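Written out below as structure tokens is the structure these notes cover.
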Amino acid sequence: MDRQHEAPRIVVGIDGSPSSQAALRWAVRYAGLVSGRVEAVAAWDLPGAASWSAPAVDATFDEEEAERRLVEEVHTVLGEDGASSVHQRLVRGNPVDVLVDAATGADMLVVGSRGRGGFSRALLGSVSQQTALHAPCPITIVRADDPAG
């Protein structure tokens, strides 16, 4: 299909935080304005998988449960009707790498300004900062307390 005739693809990072929920709402509203489609992406990784410090094992991680939580979060944030228009994906890997890869060929990447880790008062989270530096497309960073978010 010719790229000019495809619906704009908006990728949004989801991690359960208030700012990622605001980012999801923003992405859906934006997609409505540009007749686009939204892809909600959540990343998971095993502790130690990228280093030599310890074996990559997390006995408590359940991928099926994580997928259910992703679907549930999208439904909770958007309601049944809104969620039906969002494609959800759970991907194993470092969140920055997963989001940058998912945004390849996308028209917009949307992330929250604060995720699940780090200092609670940081202006920009490490994932949002790194995706802003490496995204292959325009990026929007949404704050949880943003009135437009």
Side-chain angles (χ1 to χ4, degrees), residues 3-4 6-51 56 58 60-149:
R3 176 88 172 119
Q4 285 184 318
E6 289 182 25
R9 185 168 68 94
I10 295 93
V11 175
V12 58
I14 299 294
D15 69 2
S17 68
S19 63
S20 81
Q21 293 171 354
L24 177 60
R25 287 188 295 272
W26 191 96
V28 168
R29 281 195 309 273
Y30 178 74
L33 294 172
V34 298
S35 300
R37 56 191 170 94
V38 175
E39 181 178 323
V41 178
W44 69 274
D45 208 358
L46 297 174
S51 70
D58 184 354
T60 64
F61 184 79
D62 181 344
E63 189 172 356
E64 288 180 13
E65 177 62 23
E67 287 177 357
R68 280 192 294 278
R69 285 193 316 246
L70 171 62
V71 170
E72 181 180 300
E73 179 177 357
V74 171
H75 280 78
T76 299
V77 171
L78 301 176
E80 199 65 40
D81 290 338
S84 66
S85 66
V86 175
H87 176 71
Q88 297 119 25
R89 277 196 316 139
L90 178 67
V91 180
R92 180 178 177 188
N94 173 284
V96 173
D97 296 337
V98 166
L99 291 173
V100 168
D101 287 346
T104 300
D107 296 274
M108 176 73 67
L109 173 61
V110 183
V111 295
S113 64
R114 283 284 340 126
R116 286 282 178 200
F119 301 104
S120 62
R121 291 285 181 202
L123 178 61
L124 203 59
S126 60
V127 171
S128 57
Q129 184 176 29
Q130 289 300 308
T131 54
L133 292 172
H134 300 288
C137 64
I139 181 168
T140 297
I141 301 172
V142 179
R143 293 178 50 106
D145 57 357
D146 185 346

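On a predicted model such as this, the values are computed, not experimentally measured, just so you know.
The distance from the OG1 atom of Thr140 to the CE atom of Met108 is 4.0 Å, given to the nearest 0.5 Å. Atom CZ of Arg143 is separated from atom CH2 of Trp26 by 16.0 Å, given to the nearest 0.5 angstrom. Rounded to the nearest 0.5 angstrom, His134 NE2 and Asp97 CG are separated by 9.0 Å. Expressed to the nearest 0.5 Å, how far CD1 of Ile14 lies from CZ of Arg69 amounts to 13.5 Å. Atom OG of Ser19 sits about 11.5 Å away from atom CG of Leu24, to the nearest 0.5 Å.
Of the listed residues (Arg89, His87, Gln88), just one forms a side chain to side chain donor-acceptor pair (under 3.5 Å) with Glu39, and that residue is Arg89.
Residues Val100 and Pro136 are in side-chain contact: their nearest non-hydrogen atoms beyond the backbone lie under 4.5 Å apart. For the pair Val71/His75, a side-chain contact is recorded, criterion being any heavy-atom separation below 4.5 Å from C-beta on. By the 4.5 Å heavy-atom criterion applied to side chains, Val110 and Tyr30 are not counted as neighbours. Taking 4.5 Å as the limit, some side-chain heavy atom of Arg37 sits within range of a side-chain heavy atom of Glu6.
For Ser85 against Gly82, the heavy-atom pair with the smallest separation is OG-O, 2.9 Å. Residues Leu90 and Glu67 approach most closely at CD2-CG, 3.4 Å, considering heavy atoms. Between Ser128 and Ser113 the shortest heavy-atom distance is OG-O, 3.5 Å. Scanning all heavy atoms of the two residues, the minimum distance from Leu99 to Gly13 falls at CD2-CA, 3.6 Å. Here the closest heavy-atom approach between residue Ala102 and residue Val11 is recorded as O-CG2, 3.5 Å. Taking each heavy atom of Ala132 and Ile139 in turn, the nearest pair found is N-CD1, 3.7 Å.
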_Does Val34 form a side chain to side chain contact (heavy atoms under 4.5 Å, CB included) with Ile10? I'd like the steps, not just the answer._
CA-CA 10 Å; Val34 298; Ile10 295 93; 4.3 Å; yes
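In this structure, Ser20 contributes its side chain and Asp15 its backbone to a donor-acceptor pair below 3.5 Å.
Glu65 and Arg68 are joined by a salt bridge, as a carboxylate oxygen and a charged side-chain nitrogen come within less than 4.0 angstrom of each other.
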